[in-house]
2 protein chains.
Amino acid sequence: MSPRKTASQELTRELIIQKARTQFVEKGFQQVSMRNIAKELGCSHGAIYYHFKNKAELFYAVVEDDFSILNNLIEDSIQGPEDDSTKLSNLLLRFIEFGLNHQSQYEIMFMVRNTEVDSLSQEAANLCYQKFAQTVQSLSTKQLKIIDVWSAFIALHGFVSHYRGYVDRFDEAELAAKSHVQFIIKGLL
Amino acid sequence: MSPRKTASQELTRELIIQKARTQFVEKGFQQVSMRNIAKELGCSHGAIYYHFKNKAELFYAVVEDDFSILNNLIEDSIQGPEDDSTKLSNLLLRFIEFGLNHQSQYEIMFMVRNTEVDSLSQEAANLCYQKFAQTVQSLSTKQLKIIDVWSAFIALHGFVSHYRGYVDRFDEAELAAKSHVQFIIKGLL
DNA sequence: GCAATATTTGACCAGTGGTCAATTGATGAG
DNA sequence: CTCATCAATTGACCACTGGTCAAATATTGC
């Protein structure tokens, strides 16, 4: 009840992010409230606002790491012994896999509009797309049209944003995903 | 201030839908409140709950008409003197056009999850997709794989759900849309 | 030891979706 | 025409939300 907690149980930025993440992954952005997170942390909701400007900023902090996870995932897809064509399929498939196995995060990363996170999240999303585009091009023998790569991305995004909430995990949509990836590759080449 | 309005100014289901629609188209689902609509209608928010079970049901009522607009739009695309290939492009393009010129509606029609509208909206969306699939098939000379038609739809959906909120009207994304449609057709055939 | 500073609290604000007893208009039976 | 019934409307109320901020306390540096 004291207006300042003893040092051992002080609130960390990281501690908040951590608890926010678990709540958030379970319920999604809208369903999680600051008071909810505060209760989980055993502090008042006001305290969170000392560490984060608002809800949007907190959830961008959560999602920041996920952007680098996804970026690594994209980068890593050029590694390995398979031929480029397989690598390309895998890249597209893995994007979908990420999206469907991290639905709450994907929502903020690529779907949420209108909040103040936008500027930050939008920039990270752009960078992520650039990495995607580069990688796709590097896995193709012929020079791809830049706008076709964009269409491929949009088509992937369509898959994730449709199946999100409709399936719980990637596995449940794996067949459709594989087929969709083939569809996209046909359009790409 | 009287607990029942005089007959001439009684609240109609249609009247509510109408005002809800304008608010809704301007601001989107989340930003519109029942109290807001009530204020516009010059009644208390409680009155709306006499006519509609909840917010979701009201907004499904709004969007119900939009489903038939979109259905007609799809049906109409087989009419006209153009050859089937052009008709197909037009169909895809018009879907995007609808989506971007009716963003708030599209949101509820094809994007909102988790509310109780789901059962209703989901069904209407399925029917709409079936009409789409039929029409696409009827515009193709060769027998299309059913899953490819689905991928085409998903890819369209991706375009709309990306550009939604990012552009205001279809025009601003027309070029990209045309290119995306070509991309999809490549995958389809 | 004491003043300055960093944290935390919880009351508070304006707003939300939703419920419901109470009230009043319309309506139809006698 | 009257009066009970029923349909519609109100507004207080509930539990919630994101967000702000003065006050109170723990920590820190002097």
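The basis for the numbers below is simple: all heavy atoms, side chains too, and nothing from hydrogens, waters or symmetry mates. Residue numbers start from 1 in every chain, and the chains themselves are labelled A, B, ... in the order their sequence lines are given, proteins ahead of strands. From a predicted model like this one, the values you see are computed outputs, not experimental measurements.
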What is the separation between atom [atom1] on [X] and atom [atom2] on [N], rounded to the nearest whole Å?
{"X": "A/His45", "N": "D/dT17", "atom1": "NE2", "atom2": "P", "value": "10 Å"}
{"X": "A/Glu10", "N": "C/dT7", "atom1": "CD", "atom2": "P", "value": "6 Å"}
{"X": "A/Tyr50", "N": "D/dC21", "atom1": "OH", "atom2": "P", "value": "15 Å"}
{"X": "B/Lys55", "N": "C/dG15", "atom1": "NZ", "atom2": "C1'", "value": "12 Å"}
{"X": "A/Phe52", "N": "D/dG18", "atom1": "CZ", "atom2": "P", "value": "15 Å"}
{"X": "A/Lys27", "N": "D/dT17", "atom1": "NZ", "atom2": "P", "value": "9 Å"}
{"X": "A/Lys5", "N": "C/dT9", "atom1": "NZ", "atom2": "C1'", "value": "9 Å"}

Is a side-chain donor or acceptor of [X] paired with a backbone partner of [Y] at a separation under 3.5 angstrom?
{"X": "A/Ser138", "Y": "A/Thr135", "result": "yes"}
{"X": "B/Asn71", "Y": "B/Phe67", "result": "yes"}
{"X": "A/Thr12", "Y": "A/Leu15", "result": "no"}

Choosing from [options], which nucleotide comes nearest the side chain of [X]?
{"X": "B/Asn54", "options": "D/dT27, D/dT9, C/dG18", "result": "C/dG18"}
{"X": "A/Tyr49", "options": "D/dG18, C/dT8, D/dT9", "result": "D/dG18"}
{"X": "A/His51", "options": "C/dT19, D/dG19, C/dT8", "result": "C/dT8"}
{"X": "B/Ala47", "options": "C/dG17, D/dT10, D/dT20", "result": "D/dT10"}

(message) Do B/Ser77 and B/Asn90 have side chains that approach each other closer than 4.5 Å (heavy atoms only, starting at C-beta)?
(response)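 They are not in contact (no side-chain heavy atoms under 4.5 Å apart), so the answer is no.
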
(request) Output the distance between atom CD1 (B/Ile146) and atom OG (A/Ser179), rounded to the nearest 0.5 Å. (result)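 Reported value, rounded in 0.5 Å steps: 11.5 Å.
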
(message) Run the salt bridge (charged side-chain N to carboxylate O under 4.0 Å, His left out) test against A/Lys145 and tell me which residues pass, sequence neighbours left out.
(response)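 Not a single residue meets the salt bridge (charged side-chain N to carboxylate O under 4.0 Å, His left out) criterion with A/Lys145.
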
(request) Strictly below 4.0 Å, heavy-atom distances to any atom of DNA chain C: list the hits from residues 12-25 of chain B, or just say none. (result)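 Correct list: empty, so none.
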
(request) For DNA chain D, determine which residues of residues 31-44 of chain B have any heavy atom closer than 4.0 angstrom to one of its atoms, and list them numerically. (result)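 Per residue number, the list reads B/Arg35, B/Cys43, B/Ser44.
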
(request) Please confirm whether B/His102 and B/Phe98 have ring centers closer than 6.0 angstrom. (result)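 Yes.
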
(message) Check whether A/Phe29 forms a cation-pi arrangement with A/Lys55 (NZ or CZ under 6.0 Å from the six-membered ring centre, at most 45° off the ring normal).
(response)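 Yes, A/Lys55 sits over the ring of A/Phe29.
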
(message) Please determine whether a side-chain nitrogen of the Lys or Arg among A/Asp76 and A/Arg94 lies less than 4.0 Å from a carboxylate oxygen of the Asp or Glu.
(response)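 Judged by the 4.0 Å cut-off on N to carboxylate O distance, A/Asp76 and A/Arg94 do not form a salt bridge.
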
